[in-house]
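What follows is a single structure, written as structure tokens, with notes after it.
Everything numeric here is computed off the predicted structure, so don't read it as measured data.
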Amino acid sequence: MTASIAYGAVEVGTELPAQSFPVTRATLVQYAGASGDFNPIHWNEKFAREVGLPDVIAHGMFTMAEAIRVVTDWTGDPAAVVEYGVRFTKPVVVPNDDTGALVEVSGKVAAKLEDNLVRVDLTAMSDGKKVLGMSRAVVRLA
């Protein structure tokens with residue numbers, strides 16, 4: 001696969017389609033099983049509160065993975081992402097109800113680089129709080 005977005009078709013400031021990702025306790029259990037990360041802060045409310053958290057929180061790597069989907073869906077090719085990094089700024093708190101939490105992600109082209117590369121800056125929010133800082137991806141376009 002190759003990116004479906006042409007380098008010449010984007011400018012600095014081009015906005016990517018925003019997406020929202022629901023996160024429930026069931027989602028966290030599924031991610032824990034797939035990743036092998038069974039830290040009790042991600043599934044045990046009593047333990048999470050005992051260590052000072054407001055409730056069970058989503059895995060940071062899960063949140064990071066959900067956020068980059070905005071970029072991979074935009075390019076049409078996950079392999080177009082050549083670099084990606086974030087800072088974890090706030091946890092995604094996941095209540096034990098039918099709704100859970102929502103991670104809302106937006107992105108825009110922040111810089112055009114050489115060799116058909118662009119830098120995309122992402123903003124990830126949950127419950128009105130920025131949950132990822134310095135969230136940036138370098139992407140190779142067609």
Side-chain angles (χ1 to χ4, degrees), residues 1-45 47-49 51-142:
M1 292 178 71
T2 59
S4 60
I5 305 293
Y7 179 81
V10 300
E11 299 297 331
V12 171
T14 298
E15 293 188 16
L16 283 61
Q19 294 187 51
S20 296
F21 304 100
V23 186
T24 64
R25 295 281 178 98
T27 309
L28 299 182
V29 171
Q30 292 168 337
Y31 181 81
S35 69
D37 182 352
F38 293 100
N39 186 324
I41 64 173
H42 303 303
W43 58 269
N44 184 318
E45 186 174 326
F47 183 85
R49 290 184 189 278
V51 298
L53 295 168
D55 206 334
V56 165
I57 63 171
H59 303 72
M61 297 303 285
F62 171 79
T63 304
M64 186 178 176
E66 290 290 79
I68 197 65
R69 288 176 56 191
V70 167
V71 175
T72 59
D73 288 354
W74 177 65
T75 64
D77 181 11
V81 177
V82 298
E83 184 180 316
Y84 178 46
V86 306
R87 287 189 182 159
F88 301 106
T89 56
K90 299 279 184 194
V92 175
V93 178
V94 183
N96 190 17
D97 59 19
D98 292 335
T99 306
L102 192 65
V103 177
E104 300 171 292
V105 183
S106 61
K108 68 178 175 179
V109 175
K112 290 185 81 168
L113 311 170
E114 296 178 4
D115 199 26
N116 285 19
L117 296 172
V118 297
R119 189 186 88 216
V120 175
D121 290 354
L122 297 166
T123 301
M125 306 285 291
S126 182
D127 197 28
K129 297 176 185 107
K130 192 172 183 179
V131 296
L132 298 177
M134 299 295 290
S135 184
R136 296 178 172 168
V138 174
V139 184
R140 184 175 316 281
L141 300 180

Does some side-chain heavy atom of [Y] sit less than 4.5 Å from a side-chain heavy atom of [X]?
X      : Y      : result
Tyr31  : Val23  : no
Leu132 : Leu122 : no
Phe21  : Val92  : no
Asp55  : Arg49  : yes

What I want to check is whether the side chains of Asn96 and Glu45 have a donor and an acceptor closer together than 3.5 Å. no
Atom pair [atom1] ([X]) and [atom2] ([Y]), whose distance is rounded to the nearest 0.5 Å:
X      : Y      : atom1 : atom2 : value
Arg69  : Glu66  : CZ    : CD    : 4.5 Å
Arg87  : Ser135 : CZ    : OG    : 11.5 Å
Arg140 : Glu83  : CZ    : CD    : 11.5 Å
Phe62  : Ile57  : CZ    : CD1   : 13.0 Å
Asn44  : Arg25  : CG    : CZ    : 9.0 Å
Met64  : His59  : CE    : NE2   : 15.0 Å

Nearest heavy-atom neighbours spanning [X] and [Y]:
X      : Y      : value
Val82  : Val139 : CG2-N, 4.4 Å
Leu141 : Ile5   : CB-O, 3.3 Å
Arg119 : Leu113 : N-CD1, 4.3 Å
Ala111 : Val12  : CA-CG2, 4.0 Å
Pro91  : Val131 : O-CG1, 4.0 Å
Ala101 : Pro95  : N-CD, 4.2 Å

Tell me if the NZ atom of Lys90 is crowded by more than 12 foreign heavy atoms within 6.0 Å. no
Taking the side chain from [X] and the backbone from [Y], do they hold a donor-acceptor pair closer than 3.5 Å?
X      : Y      : answer
Thr89  : Lys130 : yes
Asp77  : Ala79  : yes
His42  : Asp37  : no
Asn116 : Ala142 : yes
Trp43  : Phe38  : yes

Any chance you could lay out the side chain to side chain contact (heavy atoms under 4.5 Å, CB included) test for Trp74 and Val109, step after step, and finish with the verdict? CA-CA 11 Å; Trp74 177 65; Val109 175; 4.0 Å; yes
I'd like to know whether Met61 forms a side chain to side chain contact (heavy atoms under 4.5 Å, CB included) with Phe88, so could you lay out the CA-CA distance, the side-chain angles of the two residues, the decisive distance to 0.1 Å, and finally the verdict. CA-CA 9 Å; Met61 297 303 285; Phe88 301 106; 4.1 Å; yes
Before giving the answer on side chain to side chain contact (heavy atoms under 4.5 Å, CB included), spell out for Asp115 and Tyr7 the whole-Å C-alpha distance, their side-chain angles and the decisive distance to 0.1 Å. CA-CA 9 Å; Asp115 199 26; Tyr7 179 81; over 6 Å; no
Take Val93 and Asp127, measure what side chain to side chain contact (heavy atoms under 4.5 Å, CB included) needs, and give me the verdict at the end. CA-CA 8 Å; Val93 178; Asp127 197 28; over 6 Å; no
Of Ile68, Thr63, Leu16, Val70, the residue whose pairing with Val105 passes side-chain contact (heavy atoms from CB on, under 4.5 Å): Val70
